[in-house]
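The structure appears below as structure tokens.
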Amino acid sequence: MFLIYSYAEDALILSIFVLLFYGGCTVAVAKNATFPALLVFGDSIVDTGTNNYIPTIIKCDFEPYGRDFQGGKPTGRFSNGKVPSDIAGEIYGIKELLPPYLDPYLQLEDLLTGVSFASGGARYDPLTAKVVSVLSLTDQLQLFMEYKEKIKLALGEEQIAAFISKAVFFICVGSADIVNTYYATMLRSFEYDIDSYTNLTVSYGAQFFQELYRLGARRVLVLGVPMLGCIPIQRTLGGGARRVCADKQNHAALLFNSKLSSQIASIKNNLPEFKIVYFDTYYPFLYILQNAEKLGFEVANRGCCGAGNIEVSILCTRLHDLETCKDASKFVFWDSYHPTEKTYRILTNMVLNEHPQELL
Ligand SMILES: *[C@@H]1O[C@H](CO)[C@@H](O)[C@H](O)[C@H]1NC(C)=O
Ligand SMILES: *[C@@H]1O[C@H](CO)[C@@H](O)[C@H](O)[C@H]1NC(C)=O
């Protein structure tokens, strides 16, 4: 990890990853297809279009979302291009794009190489998925059970357990618990301080991971939350006139991550055959913000869409075309909440290189 950190130039970083994945020892992972499938659960960072199929206002299946996706196509991905679920599929050599499970046109082959169950707005805390009517983690698990039934018809009862145990489960959720549920809507902050709220959130996480285990998952990677205080909307809401990073949210993110990682370590201790690994995103994110210029970014404190201070989802539309940036690759953030594809690429590569062997 630190070796990679010391190379500042984007091109260099990317070529190192190419080397690692196509030239070095980890190449074996991708090429002999250790992981037959990638199954993704979580929130808007890894939603590849789920919310297009459910009645919620948390959507982005309109322009300018997807502006750089295969020549310009809004697909329900909360970015200008690909999102980490697609990029992880590429890195693991599984496939280029990870479709949402709810896509009615999926073929058996699509199911057998993996799908995303993630839903923008999802949280660990079940209270609020209901409030914004997106798929909670429990709903996502229910879809996963349905998924298992479908592929069981193809693989047969015997093969299904082996297949599920070899698939990689990629979990990315938690940001909305902190920035939305706790700080923005204050749905929980009357009852809980941030210390007890992060305990509560992590305990829901533990239930979710154990449920995944019960359903057959054996290789699970769980992302922590990034520097939430530095996303544009938090700078706008909590960063004062100069829109500096909001300390409270950054502190909450660190607190949450430390509890999540110890919870995961303790689950792993109790279940030796469960390869569940915590991947930090906070410090890789900090690295990107601190080295934004060297990585080719020009703007790191507001999103490309509109003025970039508050625009996200239905607030980010073509109505703001005049203000929207021309070249998203110069921006760390696409909207006031979500990174650009370029940032996601750097981040996903850094993160997945953190523990390349632990899922094997
Ligand atoms: C993948 O290939 C590498 C190198 O050829 C080998 O060491 C490893 O055991 C293989 N893994 C599997 C699961 O076949
Ligand atoms: C949070 O959990 C930790 C570890 O279980 C415990 O020591 C601490 O007292 C809890 N904090 C609150 C406020 O409940």
Side-chain angles (χ1 to χ4, degrees), residues 1 41-43 45-46 118 121-132 134 136-141 169-215 217-231 233-234 237-239 245-286 351 354-355 358-359:
M1 198 63 188
F41 297 78
D43 61 18
I45 296 173
V46 288
R123 303 147 207 224
Y124 281 114
D125 184 346
L127 174 73
T128 42
K130 295 280 170 279
V131 176
V132 288
V134 299
S136 66
L137 289 178
T138 309
D139 298 331
Q140 295 181 30
L141 281 176
F169 288 72
F170 185 95
I171 319 299
C172 174
V173 58
S175 298
D177 291 284
I178 296 170
V179 301
N180 301 77
T181 305
Y182 193 78
Y183 286 112
T185 54
M186 300 194 288
L187 279 166
R188 289 291 202 182
S189 47
F190 296 111
E191 290 166 84
Y192 296 93
D193 60 15
I194 191 64
D195 188 28
S196 47
Y197 186 62
T198 45
N199 277 16
L200 177 73
T201 314
V202 166
S203 72
Y204 285 122
Q207 287 170 27
F208 174 66
F209 306 139
Q210 275 151 356
E211 195 56 21
L212 276 180
Y213 178 85
R214 202 182 63 76
L215 293 171
R218 291 296 178 269
R219 295 154 210 270
V220 177
L221 61 91
V222 184
L223 299 192
V225 295
M227 292 189 83
L228 296 172
C230 299
I231 62 180
I233 186 99
Q234 297 306 317
L237 298 174
C245 296
D247 278 345
K248 264 197 294 195
Q249 281 79 2
N250 276 347
H251 168 75
L254 284 171
L255 189 65
F256 173 76
N257 283 346
S258 75
K259 290 177 181 179
L260 182 68
S261 70
S262 17
Q263 179 64 257
I264 287 171
S266 109
I267 292 175
K268 191 151 75 177
N269 259 346
N270 293 331
L271 300 167
E273 71 280 35
F274 195 18
K275 290 178 177 147
I276 180 167
V277 187
Y278 168 80
F279 285 63
D280 182 61
T281 62
Y282 190 98
Y283 290 102
F285 212 83
L286 175 63
V351 167
E354 221 172 319
H355 318 272
E358 283 185 57
L359 291 176

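All ligand and atom numbering here is 1-based and tracks the order in the structure.
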- N199-Y197 side chain donor-acceptor pair, cut-off 3.5 Å: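 On atom types as modelled, these side chains do not qualify, holding no pair under 3.5 Å.
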
- Contacts of C172 meeting disulfide (SG to SG under 2.5 Å) (sequence neighbours excluded), chain-then-number -> none

- Is it true that atom NZ of K248 has more than 12 heavy atoms of other residues, nucleotides or ligands lying nearer than 6.0 Å?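 Incorrect, the count does not exceed 12.
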
- Which residue pairs satisfy the salt bridge (Lys or Arg N to Asp or Glu O under 4.0 Å) criterion with at least one member in residues 169-189, sequence neighbours excluded? D125-R188, R188-E191

- Message: As an exercise, state the distance from CD of E358 to CZ of R219, rounded to the nearest 0.5 Å.
- Response: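 If I round to the nearest 0.5 Å, the distance is 12.5 Å.
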
- With hydrogens left out, which residues have an atom under 4.0 Å from ligand 2, given that only heavy atoms count? D195, S196, N199

- Message: So, using salt bridge (Lys or Arg N to Asp or Glu O under 4.0 Å) as the criterion, who are the partners of K259 when residues are at least two apart?
- Response: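 For K259 the salt bridge (Lys or Arg N to Asp or Glu O under 4.0 Å) partners, ignoring immediate neighbours, are D195.
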
